[in-house]
Colleague: 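Below: one structure in C-alpha cells.
Every chain is numbered from 1, with letters handed out A, B, ... down the list of sequences.
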2 protein chains.
Amino acid sequence: MATIRDVAEKAGVSTATVSRIINNKGQATPETIARVHAIIKELGYKPNVVAQSLTSKKSNTIALLVPTIKNPFFPELARGIEDVANSNGMNIFLCNTDDERVKLKNYLVSLQERYVDGIIINSLTLNNEDLDELHSNGIPSVTLDRSISTHNFSSITVKHREGAQLATKHLIDIGCRRIGMIRGPEDDITAVQRMWGYRDYVKDFDWFDQSWIALGDFSVQSGYYCMKELFQRHPDIDGVFASNDLMAIGLLKAAHEWGRKVPDELAIIGFDGIDMSQYTYPPLSTIKQPIYEMGKMAMEDLLRLIKDPKLDYNKRELDVELMLRESSMR
Amino acid sequence: MATIRDVAEKAGVSTATVSRIINNKGQATPETIARVHAIIKELGYKPNVVAQSLTSKKSNTIALLVPTIKNPFFPELARGIEDVANSNGMNIFLCNTDDERVKLKNYLVSLQERYVDGIIINSLTLNNEDLDELHSNGIPSVTLDRSISTHNFSSITVKHREGAQLATKHLIDIGCRRIGMIRGPEDDITAVQRMWGYRDYVKDFDWFDQSWIALGDFSVQSGYYCMKELFQRHPDIDGVFASNDLMAIGLLKAAHEWGRKVPDELAIIGFDGIDMSQYTYPPLSTIKQPIYEMGKMAMEDLLRLIKDPKLDYNKRELDVELMLRESSMR
DNA sequence: CTGAAAGCGCTTACAG
DNA sequence: CTGAAAGCGCTTACAG
C-alpha cells in the first residue's frame, strides 16, 4: 500500500502539502495540485483511515444502535439511514443492544474509542446522562422515539398516541363493542403512549378495565400468548389493537387456532406498517409509520450536526397513517 | 482520557513496560505488574483502540457481509455470530451489500483499511480473486453458502440439494400430482442447488417441464407474483416447493387470493426455517437450516483462523431437516 | 504557497 | 526485567 510519503517523494513535495491537497485545506499552486493528484492516481494511493482517525479524531463512520434487528422495523429503518450515509461516503456500525443497559454502555464506550462521528440511537435504556456524555465528548447524536424525554438533543419520533387513537377509533367505527389491546413493554415510552391512545377511546365504556390490556414485548410470540390470554379473560372480545405488527402476526395465529374469523368475529389492527404486514392472512390493517423516511431524516439531521456541531437541536414528530386492510374490514 | 504515558509516568516506568504488561508480552516483576495494574485502575485507563490498530494492524473487529438484512434469515444468522464474537471481546461490522458487486468491493476495501481481523461473507458476487486478495493481505475469511466454488478457504454451507429433495419427495408422498417450484435467482448457487434437488424428484414425471419452475428472487413479493404465474400456467397445480420461506409467505397470499385451500388443494413447503414460518396461516412446512448454529460455527472457525493463520481451511456442510407443519399436512 | 517538526497513542525490536 | 528510540501513517500549527 502506498503511503502519503510515497506520494510526497514521487511528487517532490512534503507530506504536509499532499495532506493539504487531499483535504483541500489551505492553498496550493494549480500545478502542484495537478501533479500530486496525478501521482495519487498513478500509485493508487488511498489515505489510511486508521491513521487519519488517530490524528483527526474522526472516522467517517456513524453508529446505529437498535434494540434488535429481528424486528423488521429496524432493518427497514436501517436502510433509510444506510442510503443517506452511503451517498455521503459514510460508513455505519450497526449495533444490537437487546435493550440491555450493559451492552448499550459497552457500545457507547467502544464507539467513542473508535472516534465515530455521530450516533443514532433507539434504546429504552438510554438516559440523559449518556447523551450529555456524548455531547460533552463532541459526538452528535439523534435519538429515535425518545422525544418524550426531556433532553435537549435532536430526536425523531412519530405520533404514537394519535396513531393508537386512530386505530382504536377505527375499531369502534366498524362496530367493535369489546376491544382489547396488546401493549408493549412497560418501560417503553412508545408502548406507553400507544396504550394511552387506546385508553383515550375506551376508558369511558362501562365494560372497560385493565383486564382488556395484555402485556407483550413486541415479539411475535408474545402477541400469540397475549391473545390467548385475552380470549380466556374475555370470550366476547371482538376487536384487538396490537401495538406493533409483529405482535399482530402472533395474534392472528392465536385467532386462527381459537377458530375466530378475522375480521368478522374479530377485527385486528397493528402498528408500524412493516413490509410483512401486507402478507399475513388476512392482510393486516395497521398504523403506518414512515419507517424508511425516518431513517433518512435521522441520518440527514445527524449529518448536519456533524458538519456544524453548534447547530441547535431539532425535535421532529412525524405523522402516522391509518392503513386499512382486510383484517379490519367489515 | 488517560493515555499510556499518564500511566507510565505515574507508575514510574516507561510506556514500553506498560504496553508489555497490558498485552502480557515479555516479562516483568510481579511488583511492577501490580503497580501498573493499580494505576491503570486508578486512572480508568483504556488503551486507545485506534492507536493500537495503527501499530498492530489489528482491530479486534470482524465484519459480516450479507446481501440484505431484510430477509430474517440474516438477522438470525447474525445473532449467532454476534453472540460468539461478543463473548470473545470482538466487535462486528455488519455490512449490507445488496449483492451488488460495487458495494461488495467498496466494503472489502474499506474493511481492510480498517484492519478488520477477519471477514464472514455471504455474497453471490464474491469470487475467488477477492478471497485470494484477502488471504494474501493476511485477513482470514469464512464464506457462507459458497462451498461449491473451488476456493481453498473455510466455508460453511448446508445440504441445499438434499433439502430440496426432501421437500419435493414429501410433497409427492402426501399425494401431490402436479408440483411446481419457485426458485431463487439464477446466479445464486444455493438457488441452483435447490432447483436440482427438486428436479431430481420430478424430472421423470411426464407432466414435468420447465414451465413448472417460476423464477423468483427470494423476496416475499416475488413469491407472490411467481405463484400467480404458476396458477395461470397450471391451474391444476396441487403442490409447490418455494425455495425460501419468504417466497412461501408471498405464495400463501397468492393462494388465498386465488381461493385455493392450503393444504388440501395446494400443499406448500418452504426452505430456511426462519422464525416467521411458524406464524403464517397455515403454519409453514419448511426445510429447516440450523441458522443460528451456522452463525456460531462460522464465527468459531473464524476465531480459530485469526488465532492461528496457518490453520488449514475447513469446509463444513451441515444437515437440514424436514419440518412438518400444516401447510403440507394431509 | 510550502516545508520541517511535533504530535495523535500505541508497539516493538534493540540494547543493556 | 526494563528503557530509549523509532515507527505506524497521517495532520496541523508555525515559520518562512
Side-chain angles (χ1 to χ4, degrees), chain A residues 1-37 39-40 43-61 109-117 137-139, chain B residues 1-37 39-40 43-61 109-117 137-139:
Chain A
M1 276 274 99
T3 71
I4 199 170
R5 274 197 60 186
D6 301 329
V7 177
E9 282 173 8
K10 193 143 189 173
V13 295
S14 72
T15 60
T17 302
V18 176
S19 176
R20 277 187 220 105
I21 289 176
I22 289 170
N23 304 294
N24 41 32
K25 286 184 180 169
Q27 34 231 355
T29 305
E31 289 86 67
T32 56
I33 294 183
R35 186 150 35 95
V36 167
H37 276 307
I39 307 282
I40 286 176
L43 264 43
Y45 167 71
K46 293 192 63 178
N48 177 309
V49 293
V50 174
Q52 283 183 318
S53 290
L54 188 59
T55 44
S56 68
K57 313 289 186 200
K58 299 260 174 286
S59 63
N60 240 312
T61 303
V109 170
S110 114
L111 290 169
Q112 290 182 248
E113 281 179 353
R114 282 153 204 274
Y115 302 127
V116 292
D117 300 342
N137 290 335
I139 300 178
Chain B
M1 278 273 99
T3 71
I4 198 171
R5 274 197 61 186
D6 300 330
V7 176
E9 282 171 9
K10 193 145 190 170
V13 296
S14 71
T15 60
T17 302
V18 177
S19 175
R20 278 188 219 102
I21 290 176
I22 289 171
N23 305 294
N24 41 32
K25 288 185 179 168
Q27 36 230 356
T29 304
E31 289 86 67
T32 56
I33 294 184
R35 186 150 35 94
V36 166
H37 276 308
I39 306 283
I40 285 177
L43 263 43
Y45 168 71
K46 292 192 63 178
N48 177 308
V49 293
V50 175
Q52 283 182 317
S53 289
L54 188 58
T55 43
S56 68
K57 312 291 185 199
K58 300 261 174 285
S59 62
N60 240 311
T61 303
V109 170
S110 113
L111 290 168
Q112 291 182 249
E113 280 179 355
R114 283 153 202 274
Y115 302 126
V116 292
D117 300 342
N137 290 335
I139 300 178

Colleague: If you compare every side-chain N and O of A:Tyr115 against the phosphate oxygens of D:dC10 (OP1, OP2), does one of them come in below 4.0 Å?
Modeller: no

Colleague: Mind checking whether A:Val13 and A:Val18 have side chains closer than 4.5 Å, heavy atoms only?
Modeller: yes

Colleague: Looking at every non-hydrogen atom in both residues, tell me the closest pair between B:Ser53 and B:Lys58 and how far apart they are.
Modeller: OG-O, 2.8 Å

Colleague: Rounded to whole angstrom units, what separation is found between the NZ atom of B:Lys58 and the C1' atom of C:dT12?
Modeller: 14 Å

Colleague: A:Pro47 has a side chain; which of D:dC10, C:dG9, D:dA5 sits nearest to it?
Modeller: D:dC10

Colleague: CD1 of A:Ile4 versus P of D:dT11: gap in Å, rounded?
Modeller: 5 Å

Colleague: Quick one: is C:dG3 close enough that its OP1 or OP2 comes under 4.0 Å of any side-chain N or O from A:Thr17?
Modeller: yes

Colleague: Does a side-chain N or O of A:Lys57 approach OP1 or OP2 of D:dT11 to a distance below 4.0 Å, or not?
Modeller: no

Colleague: Under 4.0 Å from OP1 or OP2 of D:dT2: is there any side-chain N or O of B:Thr29 that close?
Modeller: yes

Colleague: Using side chain to side chain contact (heavy atoms under 4.5 Å, CB included), reason through A:Gln52 and A:Asn60 one step at a time and then give a plain yes or no.
Modeller: CA-CA 10 Å; A:Gln52 283 183 318; A:Asn60 240 312; 5.9 Å; no

Colleague: Below the 4.0 Å mark, does D:dT12 have OP1 or OP2 next to a side-chain nitrogen or oxygen of A:Ser19?
Modeller: no

Colleague: Kindly express the pairing pattern of DNA chain C in dot-bracket notation, using | wherever a base pairs with another strand and counting only Watson-Crick or G-U pairs under 3.5 Å.
Modeller: |||.||||||||.|||

Colleague: Give a yes/no on whether any side-chain N or O of B:Thr55 is located under 4.0 angstrom from OP1 or OP2 of C:dC10.
Modeller: no

Colleague: For B:Arg20 and C:dT11, what is the distance between atoms CZ and P respectively, to the nearest whole Å?
Modeller: 11 Å

Colleague: Taking OP1 and OP2 of C:dC1, is either one under 4.0 Å from a side-chain nitrogen or oxygen of A:Gln27?
Modeller: yes

Colleague: Could you state the atom-to-atom distance from CG of A:Asn60 to P of D:dC10 in whole Å?
Modeller: 14 Å

Colleague: Measure the spacing between CD1 of A:Ile22 and CD1 of A:Ile33 and express it to the nearest 0.5 Å.
Modeller: 12.0 Å

Colleague: One pair to check against side chain to side chain contact (heavy atoms under 4.5 Å, CB included): B:Asn48 and A:Tyr115. What are the steps and the verdict?
Modeller: CA-CA 10 Å; B:Asn48 177 308; A:Tyr115 302 127; 2.7 Å; yes

Colleague: How many whole angstroms separate atom CG of A:Asn23 from atom P of D:dC10?
Modeller: 11 Å

Colleague: Between B:Thr32 and D:dT2, does any side-chain N or O lie under 4.0 Å from OP1 or OP2?
Modeller: yes

Colleague: Distance check, rounded to the nearest 0.5 Å: A:Asp117 atom CG versus A:Ile139 atom CD1?
Modeller: 8.5 Å

Colleague: Side-chain N or O of B:Thr3 versus OP1/OP2 of C:dG9: is the shortest distance under 4.0 Å?
Modeller: no

Colleague: What's B:Ala28 touching, base or sugar-phosphate or nothing? Going by heavy atoms closer than 4.0 Å.
Modeller: sugar-phosphate

Colleague: Nearest whole Å is fine: how far is D:dC8 P from A:Asp6 CG?
Modeller: 11 Å

Colleague: What does A:Val13 touch in the nucleic acid at a heavy-atom separation under 4.0 angstrom: a base, only the sugar-phosphate, or nothing?
Modeller: sugar-phosphate

Colleague: Figure out the CG/P separation between A:Leu54 and D:dT12, and round it to whole Å.
Modeller: 12 Å

Colleague: Would you kindly give the CD-to-C1' distance between A:Gln52 and C:dG7, to the nearest whole Å?
Modeller: 16 Å

Colleague: Is the closest side-chain heavy-atom distance between A:Val49 and B:Ser110 below 4.5 Å?
Modeller: no

Colleague: Could you walk me through whether B:Thr61 and B:Arg114 pass the side chain to side chain contact (heavy atoms under 4.5 Å, CB included) test, one step at a time?
Modeller: CA-CA 9 Å; B:Thr61 303; B:Arg114 283 153 202 274; over 6 Å; no

